[in-house]
Asker: 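Next up is a structure, given as structure tokens.
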Number of protein chains: 2
Amino acid sequence: MNPDALRGHMDALLLSVLEREPLHGYAIIEALQERSGGALSVPTGTVYPALRRLERIGHLSSEWATVGGRRRRTYRLTESGRKQLEGERSAWREFTSVIGSVLRAEASGPA
Amino acid sequence: MNPDALRGHMDALLLSVLEREPLHGYAIIEALQERSGGALSVPTGTVYPALRRLERIGHLSSEWATVGGRRRRTYRLTESGRKQLEGERSAWREFTSVIGSVLRAEASGPA
DNA sequence: ATCTACATATAGACAGCCTACATGTAGACT
DNA sequence: AGTCTACATGTAGGCTGTCTATATGTAGAT
């Protein structure tokens, strides 16, 4: 998966994976792998900053927990985050529809 | 259409629009508008540099023409460009499939 | 004269994803 | 005791491609 292709869709992925339950960063990375059938290996250097950004703009909230001696920061969707996810989903549909319509255009000549 | 979303898909769009016939930059922008039903307004500052980049790496070739007193640089797909377009198309299918599978995952709780 | 459409081009800003690195705990295995 | 892997978070800096803004010029309509 070409990294550049993810540009602008990372938020949708993160919000989507947090929709059903709160998760910490490491678990989010695993969830993305699972849900994508192993195709998505998002590096920590992408996920952690993105989560912080999403929290900063109010789409996520977080709290620390210690489980088995390890510190976790668990993120959950805020109300704003749920609305944003809705928006991301419809933006995704529009995006694929628009790009798809260009890519699938018949290669038949003019006239 | 969020500009960031285009990242990494611009090449596919440009190659695709040049598949059926050679076009110059301005006409490419119009063709993208038409094919997308008006949804794609790609600025000249994006298209012209991108076309040059694609020519530099061998996917396009170009030649100057003068039509109605105006200078045009007409681009056409090279053989390499056609192969690249094939690759872009299958990458697009994979991309939409992977992201889609994450976004569409059921929001039902675990167990 | 002025305006719009046609037509190309570059400089610099911006943003976000990536690589690489740093830090630390827990448990298994030798 | 030492090593290795999995778990877990985080930052600095690089890269690159898209965008905004600007520049230049022709043709035709008003």
Side-chain angles (χ1 to χ4, degrees), chain A residues 1-15 22-34 36 39-57 59-60 62-75 88 91 95 98-99, chain B residues 1-15 22-34 36 39-57 59-60 62-75 84 88 91 95 98-99 102:
Chain A
M1 175 80 61
N2 168 29
D4 260 333
L6 270 316
R7 279 261 184 169
H9 306 290
M10 202 63 232
D11 292 7
L13 294 175
L14 295 174
L15 295 173
L23 290 172
H24 61 286
Y26 194 88
I28 289 170
I29 292 169
E30 289 180 323
L32 286 174
Q33 281 250 17
E34 275 173 43
S36 66
L40 273 180
S41 290
V42 191
T44 66
T46 295
V47 168
Y48 290 112
L51 289 171
R52 285 162 159 275
R53 178 171 51 78
L54 287 170
E55 182 172 27
R56 185 166 48 75
I57 62 182
H59 296 329
L60 299 179
S62 74
E63 50 185 74
W64 284 99
T66 300
V67 177
R70 294 192 185 93
R71 277 156 56 77
R72 293 176 175 175
R73 205 214 279 255
T74 301
Y75 289 91
E88 296 280 357
F95 172 71
V98 166
I99 307 295
Chain B
M1 173 83 60
N2 169 30
D4 260 334
L6 270 316
R7 277 258 183 174
H9 306 290
M10 202 61 232
D11 291 7
L13 294 175
L14 295 175
L15 295 174
L23 291 170
H24 61 286
Y26 195 88
I28 289 172
I29 291 170
E30 289 181 323
L32 286 173
Q33 282 248 18
E34 274 175 43
S36 66
L40 273 180
S41 290
V42 190
T44 66
T46 296
V47 168
Y48 289 112
L51 290 171
R52 285 160 159 276
R53 179 172 50 79
L54 287 170
E55 181 171 27
R56 185 165 49 74
I57 62 182
H59 295 329
L60 299 179
S62 73
E63 51 187 73
W64 284 99
T66 299
V67 176
R70 294 192 184 90
R71 277 155 57 76
R72 295 176 173 175
R73 200 208 289 250
T74 302
Y75 289 90
Q84 181 65 19
E88 297 280 357
F95 171 71
V98 166
I99 306 296
V102 173

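Letters go in sequence order (proteins before strands), and every chain restarts at 1.
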Asker: If I take atom CD1 in residue B:Ile29 and atom P in nucleotide C:dA9, what distance separates them, rounded to the nearest angstrom?
Answerer: 11 Å

Asker: Rounded to whole Å, how long is the line connecting atom CZ of A:Arg52 with atom P of D:dA8?
Answerer: 17 Å

Asker: Do you know which two heavy atoms are closest between B:Thr74 and B:Pro22, and how far apart they sit?
Answerer: CG2-CB, 3.7 Å

Asker: What's the CG-C1' distance between A:Leu51 and D:dT11, to the nearest Å?
Answerer: 15 Å

Asker: Indicate, with a heavy-atom threshold strictly under 4.0 Å, whether A:Arg71 touches base, sugar-phosphate, or nothing.
Answerer: sugar-phosphate

Asker: Rounded to the nearest Å, what distance is computed from the CG atom of residue A:Leu13 to the C1' atom of nucleotide C:dC18?
Answerer: 16 Å

Asker: Can you find an N or O donor on one side and an acceptor on the other, under 3.5 Å apart, linking the side chain of B:Thr44 with the base of C:dA7?
Answerer: no

Asker: Take B:Gly45 and A:Pro49, find for each the nucleotide of DNA chain C with the closest heavy atom, and name the residue whose nucleotide sits nearer the 5' end.
Answerer: B:Gly45

Asker: A:Tyr75 side chain: which of D:dC19, C:dA9, D:dG10 is closest?
Answerer: D:dG10

Asker: Counting side-chain heavy atoms from C-beta on, which of C:dA9, C:dC18, D:dT20 comes nearest to A:Pro43?
Answerer: C:dC18

Asker: Could you tell me which non-hydrogen atom of A:Arg52 sits nearest to which non-hydrogen atom of A:Tyr75, and how far apart they are?
Answerer: CG-OH, 4.0 Å

Asker: Any side-chain N or O of B:Tyr48 less than 4.0 Å from the OP1 or OP2 oxygen of C:dA9?
Answerer: no

Asker: B:Ile29 pairs by side-chain contact (heavy atoms from CB on, under 4.5 Å) with which of B:Val47, B:Thr46, B:Leu23, B:Leu40?
Answerer: B:Val47

Asker: Parallel, tilted or perpendicular: which describes the rings of B:His9 and B:Phe95, with under 30° parallel and over 60° perpendicular?
Answerer: tilted

Asker: Whole Å only: how far is the CD atom of B:Glu63 from the P atom of C:dA7?
Answerer: 16 Å

Asker: In terms of side-chain heavy atoms of A:Glu30, which of D:dT11, D:dC7, C:dA9 is nearest?
Answerer: D:dC7

Asker: Atom CD of A:Gln33 to atom P of D:dA8: distance rounded to whole Å?
Answerer: 15 Å

Asker: Can you check the A:Tyr26 OH to D:dT5 P distance for me, whole Å?
Answerer: 13 Å

Asker: From CZ of B:Arg72 over to C1' of D:dG25, roughly how many Å is that when rounded to an integer?
Answerer: 15 Å

Asker: If you look at every strand shown and take non-hydrogen atoms under 4.0 Å, does B:Gly68 touch a base, only sugar-phosphate, or nothing?
Answerer: sugar-phosphate

Asker: Select base, sugar-phosphate, or nothing to describe what A:Arg7 touches, counting heavy atoms under 4.0 Å on all strands.
Answerer: base

Asker: If you apply the rule side-chain hydrogen bond (donor to acceptor under 3.5 Å, both in side chains), what do you find for B:Glu55 with B:Ser62, and how did you get there?
Answerer: CA-CA 8 Å; B:Glu55 181 171 27; B:Ser62 73; 2.9 Å; yes

Asker: Using a 4.0 Å heavy-atom cut-off across all strands, classify B:Gly25 as base, sugar-phosphate, or nothing.
Answerer: sugar-phosphate

Asker: B:Arg70 near the nucleic acid: base, sugar-phosphate alone, or nothing, with a heavy-atom cut-off under 4.0 Å?
Answerer: base

